[in-house]
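Just the heavy atoms: all of them, side chains too, but no hydrogens, waters or symmetry mates, feed the values below. Note that the structure is predicted; figures quoted are calculated from it, not measured. Throughout, numbering of the chain's residues begins at 1 and tracks the sequence.
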Amino acid sequence: MTDAKAQDRVLIFDTTLRDGEQSPGATMTLEEKLQIAQLLDEMGVDIIEAGFPIASEGDFEAVTRIAQIAQNAVICGLARANFKDIDRCWEAVRHAKQPRIHTFIGTSPLHRAIPNLDQDQMAERIHETVSHARDLCDNVQWSPMDATRTEHDYLCRVVEIAIKAGATTINIPDTVGYTAPRESAGLIRMLREKVPGADTITFATHCHNDLGMATANALAAVEAGARQIECTINGLGERAGNTALEEVVMAMKVRNDIMPYRTGIDTTRIMQASRLVATVSGFPVQFNKAIVGKNAFAHESGIHQDGMLKNAETFEIMRPEHVGLNATSLVMGKHSGRAALRSKLAELGYGVGDNQLNDVFVRFKELADRKKEVFDDDLIALMQDTDTHAANDRVQVKRLRVVCGTDGPQTAEMTLVIDGVEHEVTSIGDGPVDAVFKAVQSLVPNTAKLNLYQVHAVTEGTDAQATVSVRLEEGGKIVTGQSADTDTVVASARAYVNAINKLLVRRLKTAPEAASA
Ligand code: KIV
Ligand code: ZN
């Protein structure tokens with residue numbers, strides 16, 4: 001690689017599995033994390049932040065397993081600024097072909113006050129912990145959390161200490177989404193100019209989206225010399241989320257004339273990653289989201305449609321196929337065969353093996369019997385539903401019959417299979433969904449509070465499938481369940497049971513105090 005080419009290369013650090021998973025309700029199971037990690041690894045993500053190993057046994061196992069399976073990416077784990085966290089992190093990431101330890105501490109006045117360290121004491125802690133991490137691993141990333149609200153002199157001082165102690169990447173987080181593009185660039189420029197040794201390490205940018213500027217701030221930092229962008233699929237993350245991977249990657253690709261940087265991302269896998277993360281996190285993508293929203297390539301106004309038919313460039317700055325969306329939408333129906341289904345799923349970004357194809361084909365036929373035309377969005381909902389409901393779930397819906405109408409009471413008769421044993425119950429409620437939820441509650445007692453119940457029609461028409469999301473909270477743990485069906489009440493029951501299954505998994509996890517970043 002020539003020097004100029006190396007200079008243009010921007011590393012993509014994906015933290016969907018760590019910072020993304022910290023969004024309330026976005027907890028993922030081990031299997032789901034492995035599936036996402038594998039896709040990230042295949043699509044060319046340079047560094048995968050796989051989790052926070054000290055946070056729980058589950059996180060530790062996930063980081064370990066991801067480290068074992070990754071073929072191309074560097075696998076990184078997060079650790080606070082203490083030896084115990086760092087040792088635990090190393091125990092998990094050391095299995096990777098290319099491991100990295102990422103250690104951090106809050107350096108702004110507000111964050112220094114929490115451990116009650118003065119500037120000198122914190123500087124000493126940084127020196128000790130980064131040196132310790134470097135003794136274990138030769139790839140160490142250090143982050144001054146809340147860097148954008150840290151005094152500039154102190155920021156330069158601690159970055160210099162971390163570099164001297166052996167950090168190979170210095171990440172500058174805008175933890176609370178407070179900065180703006182000019183300031184984001186200015187910080188990187190200042191550090192590169194003032195800090196001795198700055199030319200020997202890689203600067204990273206990590207932006208949150210509280211003011212909606214995360215992508216702009218990350219790209220501004222790159223213009224000032226940062227060469228690693230930290231981001232998540234769909235911008236998943238706490239509060240307003242993080243820089244979205246798809247946005248920064250496509251911005252650099254489409255506007256390469258003014259942002260002449262390269263990434264190693266295969267952009268044709270972007271839609272697949274977006275759909276997978278939306279499914280497993282339970283955070284649906286907003287329709288008008290840049291790049292991956294349902295409407296990102298839809299044209300409705302007459303003028304736009306006319307222009308598109310004459311020349312797509314009139315109203316599109318990138319082609320749908322660049323992000324893995326197929327331009328034509330072949331409608332499937334009950335006469336479509338297995339081969340057509342497989343090829344359609346491949347077009348939509350779902351590679352399925354023979355066994356999975358058989359399962360999906362059965363469900364596709366059931367759907368096609370109920371719906372005249374099965375659109376792309378129906379198949380996506382069906383695939384997401386198949387991903388969501390695993391055969392090893394402890395609780396499964398076997399049968400549901402609901403009586404509803406103007407004359408109450410609305411009644412749900414339900415059979416659930418719990419740990420392999422069938423249980424039946426009849427419940428009444430204030431409406432069919434309430435009756436169903438009460439039936440589930442009586443068979444799987446819980447004190448969870450229902451935080452969200454949301455229904456979306458997948459396509460148009462009265463026979464459309466409904467996607468239902470259910471968010472539950474129990475003892476500070478938040479989980480989201482999802483399901484899709486042409487019968488809204490069935491989808492509601494399965495979404496609720498999906499959330500219950502996630503809650504059962506969460507109950508087994510132990511989280512040490514304040515193990516979040
Ligand atoms: O936002 C933040 O500051 C973080 C750090 C742990 C890097 O996520
Ligand atoms: Zn963050």
Side-chain angles (χ1 to χ4, degrees), residues 24-25 27 279 282-284 363 366-367 369-371 378 381-382 384-507:
T27 313
T279 308
F283 278 59
R363 298 199 58 198
E366 281 167 14
L367 182 63
D369 272 340
R370 282 186 275 157
K371 255 185 129 259
D378 286 313
L382 191 142
Q384 292 180 341
D385 204 45
T386 311
D387 279 349
T388 311
H389 301 274
N392 55 0
D393 279 348
R394 286 187 57 193
V395 186
Q396 315 213 354
V397 179
K398 169 129 198 239
R399 185 182 152 269
L400 175 64
R401 200 180 133 75
V402 170
V403 179
C404 65
T406 49
D407 304 323
Q410 286 77 23
T411 313
E413 277 171 39
M414 186 168 223
T415 309
L416 290 184
V417 180
I418 305 172
D419 293 329
V421 180
E422 283 190 19
H423 299 263
E424 282 179 20
V425 73
T426 301
S427 285
I428 54 168
D430 192 2
V433 174
D434 189 47
V436 166
F437 284 16
K438 285 192 169 127
V440 176
Q441 257 165 353
S442 70
L443 291 177
V444 191
N446 64 79
T447 54
K449 185 167 154 266
L450 180 68
N451 276 354
L452 172 96
Y453 169 72
Q454 193 169 272
V455 184
H456 277 297
V458 173
T459 56
E460 275 130 45
T462 48
D463 64 350
Q465 289 193 89
T467 296
V468 177
S469 303
V470 169
R471 188 165 301 158
L472 299 178
E473 180 172 2
E474 188 188 69
K477 296 187 175 82
I478 301 177
V479 292
T480 308
Q482 276 193 324
S483 188
D485 199 281
T486 49
D487 185 324
T488 311
V489 184
V490 171
S492 303
R494 297 181 71 213
Y496 187 56
V497 166
N498 181 230
I500 293 280
N501 279 311
K502 290 189 175 175
L503 212 51
L504 295 175
V505 173
R506 291 291 308 268
R507 280 183 192 164

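Take Asp434 and apply the salt bridge (Lys or Arg N to Asp or Glu O under 4.0 Å) test, not counting sequence neighbours, and it matches Lys438.
Residue pairs meeting the side-chain hydrogen bond (donor to acceptor under 3.5 Å, both in side chains) criterion with at least one partner in residues 403-416, sequence neighbours excluded, are Arg399-Glu413.
Leu472 has its side chain out of reach of Ile478: every pair of non-hydrogen atoms, C-beta onward, lies at least 4.5 Å apart. Taking 4.5 Å as the limit, every side-chain heavy atom of Tyr496 sits out of range of all side-chain heavy atoms of Val436.
In this structure, CD on Gln465 lies 6.5 Å from OG1 on Thr467, to the nearest 0.5 angstrom. Between atom NE2 of residue His456 and atom CD of residue Gln454 there is a gap of 4.0 Å, rounded to the nearest 0.5 Å. If you take OG1 on Thr486 and CD on Glu366, they are separated by 9.5 Å, rounding to the nearest 0.5 Å. Rounding to the nearest 0.5 Å gives a distance of 9.5 Å between CD1 of Ile500 and CD1 of Ile418. The distance from atom CG of Leu452 to atom CD of Glu473, rounded to the nearest 0.5 Å, is 12.0 Å. For the atom pair CG of Asn451 and OG of Ser469, the computed distance is 13.0 Å after rounding to the nearest 0.5 Å.
Distance alone, capped at 3.5 Å, is enough to place a donor-acceptor pair between the Asn446 side chain and the Ala448 backbone. The closest donor-acceptor contact from the side chain of Thr480 to the backbone of Gly25 lies under 3.5 Å. A donor-acceptor pair under 3.5 Å is formed between the side chain of Asn501 and the backbone N or O of Arg394. Checked by atom type and distance alone, the side chain of Asp485 never pairs as donor or acceptor with a backbone atom of Val490 at under 3.5 Å. In terms of modelled atom types and a separation under 3.5 Å, the side chain of Gln396 and the main chain of Val417 share no donor-acceptor contact.
Closest approach of Ser427 to Ser442, counting heavy atoms only: OG-OG, 4.3 Å. Contact detail for Ala466 and Val455: the closest heavy-atom pair is CB-CG1, 3.9 Å. Nearest heavy-atom pair across Ala484 and Arg363 is O-NH2, 4.5 Å. Leu503 and Lys477 make their closest contact through CD1-O, 4.4 Å (heavy atoms, listed as atom of the first residue, atom of the second, distance). In terms of heavy-atom proximity, Val497 sits nearest to Val395 at CG1-O, 3.4 Å. A pairwise comparison of heavy atoms in Ala499 and Val479 identifies O-CG2, 3.5 Å as the closest pair.
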If you apply the rule side chain to side chain contact (heavy atoms under 4.5 Å, CB included), what do you find for Val470 with Val468, and how did you get there? CA-CA 7 Å; Val470 169; Val468 177; 4.2 Å; yes
As a quick check of understanding, evaluate side chain to side chain contact (heavy atoms under 4.5 Å, CB included) for Gln482 and Phe283, giving each step before the final call. CA-CA 9 Å; Gln482 276 193 324; Phe283 278 59; over 6 Å; no
Check the pair Tyr453, Arg471 against side chain to side chain contact (heavy atoms under 4.5 Å, CB included), reporting the backbone distance first and the verdict last. CA-CA 7 Å; Tyr453 169 72; Arg471 188 165 301 158; over 6 Å; no
Quick one, Asn498 with Ser483, criterion side chain to side chain contact (heavy atoms under 4.5 Å, CB included). Give me CA distance, side-chain angles, the key distance, then yes/no. CA-CA 8 Å; Asn498 181 230; Ser483 188; 5.9 Å; no
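A salt bridge is absent between Lys449 and Glu474: the closest approach of a Lys/Arg side-chain nitrogen to an acidic carboxylate oxygen does not fall below 4.0 angstrom.
Open room surrounds CZ on Arg401; 12 or fewer heavy atoms of other groups in view lie less than 6.0 Å from it.
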